[in-house]
Chemist: 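Sharing a structure, written as structure tokens. Questions coming.
Start at 1 with the first residue, then count along the sequence.
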Amino acid sequence: MTPAILTDFDDTAAVQNVAEMLLHRFGDASWTDVRARFREGELTLKEYQEITFNDIKADRETMQEFVKDNASLRPHFGDLWEYCGSVNSPLAVVSLGLDFYIQALLEKEGVGEVPVYCVNTRFTPEGITYYYYHAYPGEEHRGNSKGLVVDRYRQLGYHVIYVGDGRSDFEGAEQADTVFAHSYLAEECERQNVPYRPFKDFGDVLAVTRELTEL
């Protein structure tokens with residue numbers, strides 16, 4: 001089967017957690033308290049993200065320039081994108097993060113055409129409005145679902161390679177055919193007996209993609 005590579009963004013496609021970089025630079029001082037409430041299970045990721053980013057006063061362009069100046073993609077992401085294009089194999093970012101900072105980094109790195117499944121935003125005088133176009137019907141209050149995106153690619157007949165690091169990645173990883181994991185996701189895969197390959201950068205992902213397309 002043709003592989004489709006779906007990768008998380010913060011701490012995975014991006015070397016840094018770009019969302020937290022922005023909150024450190026532009027967020028209200030209370031954002032770490034909100035993060036603690038999220039980590040303790042009092043808030044969903046959707047709630048945590050909306051609360052903290054709504055306190056930011058910087059405009060979209062200012063934050064995008066900060067991302068371009070301070071963030072970077074992991075090695076070989078561009079190589080993987082180029083190879084996928086040559087063999088008609090999909091590559092997409094699947095993130096619960098926000099479109100404006102993801103797109104800023106992709107454009108800076110010359111891969112702005114990579115499809116992105118994330119939280120869409122609109123900046124207004126009253127603040128940021130959030131749109132969740134990749135949520136399970138009837139569960140929009142929970143925000144986007146990475147598992148939903150993985151399932152859609154599998155239904156199209158692709159061999160899904162999933163790459164991630166965090167709590168929100170497990171629902172995608174457990175439905176994928178091949179998993180590259182690090183950090184929390186690797187630990188959770190071990191606890192749940194989900195097979196995975198260690199992730200360092202996209203060189204190994206590219207190697208497996210080549211193997212599958214050359215079978």
Side-chain angles (χ1 to χ4, degrees), residues 7-74 77 93-109 112 114 116-136 139-149 163-173 181-188 199:
T7 177
D8 173 50
F9 184 76
D10 289 297
D11 289 317
T12 303
V15 175
Q16 304 85 359
N17 187 311
V18 180
E20 291 198 357
M21 287 176 60
L22 290 169
L23 291 169
H24 274 293
R25 175 62 180 84
F26 301 106
D28 185 86
S30 65
W31 83 267
T32 54
D33 296 328
V34 181
R35 181 180 62 181
R37 293 172 59 200
F38 158 65
R39 289 179 174 175
E40 291 167 3
E42 295 180 22
L43 299 172
T44 65
L45 179 58
K46 176 178 181 291
E47 291 169 331
Y48 156 61
Q49 188 163 244
E50 290 190 7
I51 291 169
T52 54
F53 272 88
N54 280 343
D55 287 333
I56 289 179
K57 305 304 180 187
D59 61 25
R60 180 189 185 103
E61 290 72 21
T62 298
M63 288 192 280
Q64 287 184 316
E65 286 305 311
F66 179 81
V67 170
K68 291 177 181 180
D69 290 341
N70 294 279
S72 57
L73 293 178
R74 285 191 191 272
F77 185 93
V93 169
V94 182
S95 173
L96 300 189
L98 307 179
D99 57 354
F100 69 90
Y101 71 73
I102 296 173
Q103 203 60 49
L105 183 53
L106 295 178
E107 290 175 359
K108 170 207 169 182
E109 299 277 6
V114 173
V116 178
Y117 300 88
C118 65
V119 181
N120 293 82
T121 61
R122 184 166 63 91
F123 282 67
T124 73
E126 292 74 34
I128 303 174
T129 303
Y130 305 88
Y131 301 92
Y132 299 90
Y133 297 130
H134 314 293
Y136 279 107
E139 298 186 16
E140 289 81 5
H141 63 284
R142 296 177 56 189
N144 288 341
S145 166
K146 295 181 179 183
L148 176 67
V149 179
V163 191
D165 77 295
R167 290 174 172 81
S168 67
D169 290 305
F170 186 74
E171 67 164 334
H182 68 128
S183 191
Y184 174 88
L185 179 60
E187 296 170 3
E188 188 63 18
F199 174 72

Chemist: List the steps and the verdict of side chain to side chain contact (heavy atoms under 4.5 Å, CB included) for Arg60 and Thr121.
Modeler: CA-CA 10 Å; Arg60 180 189 185 103; Thr121 61; 3.7 Å; yes

Chemist: Short question: side chain of Thr44, backbone of Glu47 - any donor-acceptor pair under 3.5 Å?
Modeler: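 A pair under 3.5 Å: yes.
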
Chemist: Got a donor-acceptor contact below 3.5 angstrom from the Thr12 side chain to the Phe9 backbone?
Modeler: no

Chemist: Which pair of non-hydrogen atoms, one from Lys146 and one from Glu171, has the smallest distance, and what is that distance?
Modeler: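 Shortest heavy-atom separation between Lys146 and Glu171 comes out as N-OE2, 3.2 Å.
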
Chemist: Hey, does Thr32 have a side-chain heavy atom less than 4.5 Å from the side chain of Leu23?
Modeler: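 No, their side chains stay 4.5 Å or more apart.
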
Chemist: Specify the closest pair of heavy atoms between Tyr136 and Gly147, including all atoms of both residues, with the distance to one decimal.
Modeler: OH-C, 3.8 Å

Chemist: For the backbone of Gly27 and the side chain of Asp55, can you confirm whether one donor and one acceptor N or O come within less than 3.5 Å of each other?
Modeler: no

Chemist: Does any non-hydrogen side-chain atom of Arg142 lie less than 4.5 Å from one of Tyr132?
Modeler: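 SC-SC contact between Tyr132 and Arg142 ruled out.
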
Chemist: Supply the atom-to-atom distance Ile51 CD1 to Leu43 CG, rounded to the nearest 0.5 angstrom.
Modeler: 5.0 Å

Chemist: Do Tyr48 and Arg37 come close enough that some side-chain heavy atom pair is under 4.5 Å?
Modeler: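 No, every pair of side-chain atoms sits at 4.5 Å or beyond.
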
Chemist: Identify which one of Asn120, Val119, Asp99 satisfies the side-chain contact (heavy atoms from CB on, under 4.5 Å) criterion when paired with Tyr130.
Modeler: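 So the option named by the test is Val119.
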
Chemist: Measuring from atom CG of Asp28 to atom OG1 of Thr52, what distance do you get when rounded to the nearest 0.5 angstrom?
Modeler: 10.0 Å

Chemist: With a 4.5 Å cut-off on side-chain heavy atoms, are Ile102 and Val67 touching?
Modeler: no

Chemist: In sequence, state the C-alpha distance, the side-chain angles, and the governing distance for Gln64 and Phe100, and then conclude on side chain to side chain contact (heavy atoms under 4.5 Å, CB included).
Modeler: CA-CA 7 Å; Gln64 287 184 316; Phe100 69 90; 3.9 Å; yes

Chemist: For a side chain to side chain contact (heavy atoms under 4.5 Å, CB included) check, start with the C-alpha distance between Lys68 and Glu107, then their side-chain angles and the critical distance, and finish with the verdict.
Modeler: CA-CA 9 Å; Lys68 291 177 181 180; Glu107 290 175 359; 4.2 Å; yes

Chemist: Should the pair Tyr101 and Phe53 be assigned to parallel (<30°), tilted (30 to 60°) or perpendicular (>60°) ring geometry?
Modeler: parallel

Chemist: So, the side chain of Asp165 versus the backbone of Leu185: is there a donor-acceptor pair under 3.5 Å, distance only?
Modeler: no

Chemist: For the residue pair Asp59 and Thr62, confirm or rule out a side-chain donor-acceptor distance under 3.5 Å.
Modeler: yes

Chemist: From Ile128 CD1 over to Glu50 CD, what is the distance, rounded to the nearest 0.5 angstrom?
Modeler: 9.5 Å

Chemist: Counting only N and O atoms by type, is there a donor-acceptor contact under 3.5 Å from the side chain of Asp11 to the main-chain atoms of Asn17?
Modeler: yes

Chemist: So which heavy atom on Ala58 is nearest to which on Phe123, and how close?
Modeler: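 Shortest heavy-atom contact: O-CE2, 4.4 Å.
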
Chemist: Would you confirm whether Gln49, through its side chain, and Leu96, through its main-chain N or O, come within 3.5 Å as a donor-acceptor pair?
Modeler: yes

Chemist: Atom SG in Cys118, atom OH in Tyr133: separation rounded to 0.5 Å?
Modeler: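 That separation rounds to 10.5 Å.
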
Chemist: Okay, side chain of Asp8, backbone of Asp169: is any donor-acceptor separation there less than 3.5 Å?
Modeler: no

Chemist: If we only count heavy atoms from C-beta on, is the Met21 to Phe66 side-chain gap below 4.5 Å?
Modeler: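 Yes, at least one pair of side-chain atoms sits under 4.5 Å.
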
Chemist: Which atom pair, heavy atoms only, marks the closest approach of Ala135 to Gly143?
Modeler: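 Minimum heavy-atom contact is CB-O, 3.2 Å.
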
Chemist: Look up atom CD in Glu109 and atom CZ in Arg74, then write down how far apart they are to the nearest 0.5 Å.
Modeler: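 Going from the CD atom of Glu109 to the CZ atom of Arg74 covers 12.5 Å.
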
Chemist: Does the side chain of Val15 reach to within under 4.5 Å of the side chain of Phe77, using non-hydrogen atoms?
Modeler: no

